[in-house]
Amino acid sequence: MRERTASMSASAGDRLSGEYLKFTLYKRMKALEDDPEVPLFFGRLDYGSSHEAADERFYIGRRHVTDERGEPMIIDWRAPISRPFYRASRTDPMGLRLRRRFGFQHGVVTAFEDEELGTAPSTAPSETPHSAILAAEIERPRLGPMRDIVATIQPEQDDIVRGDVTTSVCVQGAPGTGKTAVGLHRAAYLLYAHRDRLSRQGVLVVGPNASFLRYIGDVLPALGEIDARQTTVEELVAHVPVTAADDLLTARVKGDARMAEVIHRALWSSIRPAADALVVPSGARRWRVPAYQADEIVAQLRDRGVRYAAGRAMLPQRLASAILVKMELSGDSPDDRVQNSVARSRPVKQYVDALWPAMDARRLVRRLLSEPAFLAESSAGLLTDAERAAVAPVPARAGGARAKWSLHDAVLVDEARDLLERTPSLGHVVLDEAQDLSPMMLRCVGRHCSTGSATVLGDVAQATTPWGVKRWDNALAHLGKDDAHIEELTLGFRVPGDVIDYATRLLPVIAPGLSRPTSARRATGELQIVPHGRPLDAATEAVQKSLVEPGSIGLIVPDGLVRQADAQLTRAQVDHSVLGREDDIEARVDVVPATLAKGLEFDTVVLVEPADIAAAEADPLTGLRRLYVCLTRAVTSLVVVHAKPLPAPL
């Protein structure tokens, strides 16, 4: 199909239609791209009561495939008829007689496994038969970007994936529970089930950083979905160049939800009461709108709740309408052309500029950040003197073209832009690692799905910013989705049991209210704690030993040791990349700064100096959460190398 599409020529009646057709063919080719080593099907469903032959048989796969006659050969995993593959059990076979799983290696079928469902249960209802193929697929070595999990989706994950498009869902997921994959597959499912609606409205995936987006970037295209846009909060608020960083207190205040009201006050305070009447000459006559009437018109517009720019655009017509009423009362018969002419006249424009001046989001925020008196007026009763001093210090920062903006400043500009003109809403937004966003950042993302739904993914135990989420109900309120359904995933499929048990020693300190996660992995991983006087030497040796086994290797180090770790591996002649520098997701060995480890996974993790990773954060609790993230990146084995004493919980 891809070759056939590529061979087509775009013949159209005009140039515009031809370009549109070319773009359509290009999108079709992109949607058909696939890895030849990834099997197109992975399961089979047999319906019927006969033990010899199935009344109906369906193969389940990643795409819908038909034969030359149009008959289905493979059913898309998202189709309703495919759901029993994920949900059927001995106690509830959902009409199935047999479920078959296929095992593959390099695109070739190597095994299959049958599960009889139409017979009486041979195990207790609470027991789930073990699937060797399912376990092998989950534990298959990882190399390169994240792959889809359509062959291994579990019932509790399937419930989230197939949730209604109008329902927002928040997934609190422990490390290794597949929350990121669930969120991406939910996006793929919604694009399949509601294609007309979401192809018009759009789907957005928001990740924590560019490295993470590169890591997950192939999941949706592998499922044939290329219309979803992937971005970061930094890109969403790229209205100003971010070249500065805020200190901890300043970042906390700027990220606080109270700043939304501060900006709201600052913007609307620019509207002034009318000082004089509006006078519009027309021929030999002069038409007047008294000051009190102009103020009433402004108040009516504000009471409608319009955006600032929209209200300013309406005001000339409202003033012109008031003048037309006076013309009609005097016996004239003005029409719409007269009203438009009055609205565009110089006296009306000048009057509107005085009452409702034009505003710019960047200038407004810069004034707040550089004029303590203006900030004090706008934040009266909201911020303390110390908080105001943190936001707009004296002497004020340089303004104009020399002004430097931080990420939190950019978020404030985005808030101001939305007060000026409404942010267009998309049909669905997937927000990953949401626990690290400030209330103002959550408001920013929420504006992009104000009339749509959202899938919010995160783990409060992995909140590594001082302003991070402590409670999901508060975060969802800032997002504008306080009616979202909260799901908790605690059964892990990625992190081995002994590794997760070791990492969760930190949970009573960093997130005492969370349920302790467990691992579904039958085979335990390899956990080594290696005290060593020269930890980078020991870490390099551990990396070299791990190269004997297949799979990816992540050398996670404190950010201050990245250059030394890079040099050490280079001297040892170990081919590697440095995450955040090259971002080579195809490399077997990555040097990973601790601050970039979130969301990633490696077959083997070699972690250096846990105490330094924890101590690198200004807040001790945040440091332990950062360490918790780093400890839970391993899929097969974890080697912890240290010279300094381990943190007390470990």
Side-chain angles (χ1 to χ4, degrees), residues 239 259-368 371 374 377-380 382 412-425 443-444 446-448 450-451 480:
H239 315 302
M259 288 301 297
E261 178 60 23
V262 173
I263 293 175
H264 184 275
R265 290 183 186 179
L267 176 64
W268 289 97
S269 69
S270 61
I271 294 182
R272 297 286 183 253
D276 300 298
L278 168 64
V279 180
V280 179
S282 178
R285 306 193 62 176
R286 290 174 178 271
W287 304 99
R288 298 177 74 257
V289 177
Y292 77 87
Q293 188 177 1
D295 288 339
E296 289 176 354
I297 293 173
V298 169
Q300 290 169 3
L301 287 173
R302 292 198 60 179
D303 289 343
R304 288 183 56 183
V306 297
R307 292 299 199 269
Y308 186 95
R312 173 179 158 79
M314 294 177 187
L315 184 55
Q317 288 290 339
R318 292 299 184 92
L319 293 171
S321 177
I323 290 177
L324 255 66
V325 170
K326 296 180 183 297
M327 289 180 176
E328 291 170 348
L329 291 176
S330 70
D332 290 349
S333 300
D335 56 18
D336 290 344
R337 290 174 298 176
V338 175
Q339 179 172 335
N340 290 334
S341 177
V342 172
R344 293 194 299 267
S345 67
R346 177 175 294 180
V348 171
K349 288 182 177 180
Q350 291 176 340
Y351 199 75
V352 168
D353 287 341
L355 264 64
W356 200 310
M359 296 296 292
D360 177 78
R362 292 181 296 180
R363 290 195 184 98
L364 176 69
V365 173
R366 177 52 58 202
R367 186 183 172 199
L368 270 175
E371 296 184 17
F374 183 49
E377 177 187 347
S378 303
S379 63
L382 291 173
L412 297 181
V413 172
D414 190 78
E415 181 79 25
R417 284 169 60 92
D418 184 68
L419 292 175
L420 287 166
E421 296 182 8
R422 186 183 300 276
T423 302
S425 177
R443 287 176 59 87
C444 166
R447 288 191 282 273
H448 291 271
S450 56
T451 60

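Between D360 and L420, the shortest heavy-atom contact is C-CD1, 4.2 Å. The two atoms that bring S450 and S425 nearest to each other are N-OG, 3.2 Å, heavy atoms only. Closest approach of A277 to P290, counting heavy atoms only: CB-CA, 3.9 Å. Of all non-hydrogen atoms in V306 and L301, the two that sit nearest each other are CG2-O, 3.5 Å. Scanning all heavy atoms of the two residues, the minimum distance from V413 to H239 falls at CG1-CB, 4.0 Å. Residues A322 and V289 share a closest heavy-atom pair of CB-CG2, 4.2 Å.
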Problem set entry | Full working for salt bridge (charged side-chain N to carboxylate O under 4.0 Å, His left out) between E415 and R447 | CA-CA 9 Å; E415 181 79 25; R447 288 191 282 273; 2.7 Å; yes
For this session: Step by step, work out the side-chain contact (heavy atoms from CB on, under 4.5 Å) result for L364 and F374.
Result: CA-CA 10 Å; L364 176 69; F374 183 49; 4.2 Å; yes
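With values rounded to the nearest 0.5 angstrom, K349 atom NZ is found 13.5 Å from L315 atom CG. Here CD1 of I271 is found 9.5 Å from CE of M359. Values are rounded to the nearest 0.5 Å. The CD atom of Q300 sits 6.5 Å away from the CZ atom of R318 when rounded to the nearest 0.5 Å. With rounding to the nearest 0.5 angstrom, the CZ atom of R346 is 6.0 Å from the CD atom of Q350. To the nearest 0.5 Å, the span separating CE on M327 from CG on L324 amounts to 5.5 Å. The CG atom of D276 sits 9.5 Å away from atom CZ of R288, with the distance rounded to the nearest 0.5 Å.
No donor-acceptor pair closer than 3.5 Å links the side chain of Y308 to the backbone N or O of H264. With hydrogens and angles disregarded, no donor-acceptor distance shorter than 3.5 Å links the side chain of D332 to the backbone of P334. Remark: the backbone N or O of W356 is paired with a side-chain donor or acceptor of R312 at under 3.5 angstrom. Here the side chain of W287 pairs no donor or acceptor atom with the backbone of A320 at under 3.5 angstrom. Remark: the backbone N or O of V338 is paired with a side-chain donor or acceptor of D335 at under 3.5 angstrom. Within the 3.5 Å criterion, the main-chain N or O of P273 finds no donor-acceptor partner in the side chain of D295. The closest donor-acceptor contact from the side chain of R272 to the backbone of P357 lies at 3.5 Å or more, if one exists at all.
Considering only heavy atoms from C-beta on, Q317 comes within 4.5 Å of N340 through its side chain. In this structure the side chain of L382 reaches within 4.5 angstrom of the side chain of R265, judged on heavy atoms. Residues L278 and I323 form a side-chain contact, since some pair of their non-hydrogen atoms from C-beta on lies under 4.5 Å apart.
Counting heavy atoms of neighbouring residues, nucleotides and ligands inside a 6.0 Å radius, atom CZ of R307 exceeds 12 of them. Residue-environment remark: CZ (R302) exceeds the threshold of 12 foreign heavy atoms within 6.0 Å. Around the CG atom of D353, the shell of radius 6.0 Å holds more than 12 heavy atoms that belong to other residues, nucleotides or ligands.
Between E421 and R417, none of the side-chain N atoms (NZ, or NE/NH1/NH2) sits under 4.0 Å from a carboxylate O, so this pair counts as no salt bridge.
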